[in-house]
Amino acid sequence: MESIKDLKDEIQSLKEKHNATIFSHYYEEGNIQDIADELGDSLFLAQRGAEVDNPVVLMAGVVFMAESIKILSPEKKVLIPDTKAGCSLVDHSPFEKYKVWREENPEALIVSYVNSSAGVKALSDVTCTSTNALKIIESIPKDRKILFGPDKNLGRYLAEQTRRDMDLWPGTCEVHVLFSAKKLFELKAKHPDAVVIAHPECDKNVLDHADVIGSTSRLLKEVTDNKKTKFIVATEAGIFHEMQKKRPEAKLIQAPAKGNCACNECPYMKMNTLSKIRDALKSLKPEVTVDEDLIKRARVPLDRMMKITNGESIQWPTSFKW
Ligand code: 13P
Ligand code: SF4
């Protein structure tokens, strides 16, 4: 059995050999977050993926995150430690069905969460992450109909916040929908001094109990900046690692899940391990590839997202053309 230190040393020398950068999402296990050159939420990882100069990028995250980097920087070799690291939102939005929805509403603008396949992005007018979603929706002219997918919980939350009417695709995150509103209510009663923070992928009845709703980086900021010392956290457990680093004295309580499962861990994010990262850097495989035509099409909504995020103005298409 290899020691964690030996694995980390080997990863470091392979990284130097191949001039590679390691990206990690906050939902990875702590040891992976610790060796990452770039650690962040989905928006940060997509932005940095387009910026870093290294020819090899290893994404310790899920496939849609690696695909976003490939779409934005097709010249890079993008590695993923485990190609099975999918996402329930991708599974809930098959390309052919999403295309029918798109074609039935040619005059609408379709906003897709980056937690989607390259094909779904290619069908979309703009993408968003939970960090920039409000800004993206607010940038859409009031007279345009909006379709939002594939996360219906994030979509409903955005519709409420912006008071925009939206048609929602019925997908969900299999991790965030497992928090229990009833148990959260009981837990809050035991800890009236705690700040409840929740990711917008959670069900509405869970969000109704939250003091702060936001993306992974927004929730991390809350724990970092809020003077209170107790937090009930309704999101994936991997973020506790960075929260605890930023506020070692804070007490973090995991929001309870339905049933008795410890299901607040994303099974896809947790497929990545240090030894799989070492193997991928050694063999430079598995590599994430995206069809050239899809790269061209999916780049348009990703570029629009980046521009709106940076405060630049953009042109909206008048109707859908494939
Ligand atoms: P953010 O990193 O955008 O908060 O997304 C959460 C998530 O579910 C990533 O898979
Ligand atoms: Fe997908 Fe949910 Fe896992 Fe994020 S946490 S990768 S949305 S299944």
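For the numbers below, each heavy atom of this structure counts, side chains included, while hydrogens, waters and symmetry mates do not. We count ligands from 1, going down the list as the structure has it; atoms in each ligand are counted the same way. Since the structure is predicted, the reported quantities are computational estimates derived from the model, not experimental observations.
- With a 4.0 Å cut-off on non-hydrogen atoms, V90 does not touch ligand 2 at all.
- Annotation for ligand 2: atoms under 4.0 Å from non-hydrogen atoms of S88 are 8 (S).
- For the residue pair K15 / N54, no side-chain donor-acceptor distance below 3.5 Å is found, with atom types taken as modelled.
- Residue E75 places its CD atom among more than 12 non-hydrogen atoms of other residues, nucleotides or ligands, all under 6.0 Å distant.
- Under a 3.5 Å cut-off, the side chain of R247 and the backbone N or O of N226 do form a donor-acceptor pair.
- In summary, no N, O or S atom of C266 is located under 2.8 Å from atom 1 (Fe) of ligand 2.
- Between the K258 side chain and the V177 main chain, a donor and an acceptor come within less than 3.5 Å of each other.
- Neither the backbone nor the side chain of Y26 has any atom closer than 4.0 Å to an atom of ligand 1 (non-hydrogen atoms only).
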>> Run S124 and Y98 through side chain to side chain donor-acceptor pair (under 3.5 Å) and show every step you take.
In response: CA-CA 10 Å; S124 306; Y98 215 79; 4.9 Å; no
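- Residue C87 does not count as close to atom 2 (Fe) of ligand 2, with no N, O or S atom under 2.8 Å.
- Near L89, the atoms of ligand 2 lying under 4.0 angstrom from a non-hydrogen atom of the residue are 7 (S).
- Atom 4 (O) of ligand 1 has its closest protein heavy atom at T216 OG1, 2.5 Å.
- The distance criterion of under 3.5 Å between nitrogen or oxygen atoms is not met by S217 with respect to ligand 1.
- The shortest contact between atom 4 (Fe) of ligand 2 and any protein heavy atom is with N115 ND2, 4.1 Å.
- In terms of N/O distances under 3.5 Å, ligand 1 is approached by H25.
- Judged by distance alone, the side chain of D291 and the main-chain N or O of L294 form a donor-acceptor pair under 3.5 Å.
- Counting protein heavy atoms only, atom 7 (C) of ligand 1 is closest to Y27 CE1, 3.5 Å.
- V78 is not connected to I32 by any chain of hydrophobic side-chain contacts under 4.5 Å among Ile, Leu, Val, Met, Phe, Trp and Tyr, and they are in different clusters.
- Side-chain atoms of T216 and D41 form no donor-acceptor pair, as typed in the model, at a separation below 3.5 Å.
- Here the side chain of K183 pairs a donor or acceptor atom with the backbone of G259 at under 3.5 angstrom.
- Considering backbone and side-chain N/O of T131, none are found under 3.5 Å from N/O of ligand 1.
- Residues L187 and F179 fall within the same hydrophobic cluster, defined by Ile, Leu, Val, Met, Phe, Trp and Tyr side chains chained together at heavy-atom separations under 4.5 Å.
- Using a non-hydrogen distance threshold of 4.0 Å, R218 does not register as a contact of ligand 1.
- Near N115, meaning under 4.0 Å from one of its heavy atoms, ligand 1 places the atoms 7 (C), 8 (O), 9 (C), 10 (O).
- Under a 4.0 Å criterion applied to the non-hydrogen atoms of S130, ligand 1 contributes the atoms 1 (P), 3 (O), 4 (O).
- Between the side chain of Q254 and the backbone N or O of T235, at least one donor-acceptor pair lies under 3.5 Å.
- Cluster membership for L79 and V57, using ILVMFWY side-chain heavy atoms within less than 4.5 angstrom, is not shared.
- Taking 4.0 Å as the cut-off, M269 counts as a neighbour of ligand 1 on heavy-atom distance.
- For atom 2 (Fe) of ligand 2, the nearest non-hydrogen atom of the protein is C173 SG, 2.3 Å.
- Close approach of ligand 1 to Y113 is summarised as follows: ligand atoms under 4.0 Å from at least one heavy atom of the residue are 5 (O).
- Close contacts of ligand 1 with S215, meaning ligand atoms under 4.0 Å from a residue heavy atom, involve 4 (O).
- On a distance-only criterion, E201 and ligand 1 share at least one N/O pair closer than 3.5 Å.
- Listed by atom number, the atoms of ligand 1 under 4.0 Å from D41 heavy atoms are 2 (O).
- C173 and L89 get closest at one heavy-atom pair: N-CD2, 3.9 Å.
- F148 pairs with exactly one of L109, I136, V111 by the side-chain contact (heavy atoms from CB on, under 4.5 Å) rule, that one being V111.
- Neither the backbone nor the side chain of E236 has any atom closer than 4.0 Å to an atom of ligand 2 (non-hydrogen atoms only).
- Between S42 and ligand 1, at least one N/O pair is under 3.5 Å apart.
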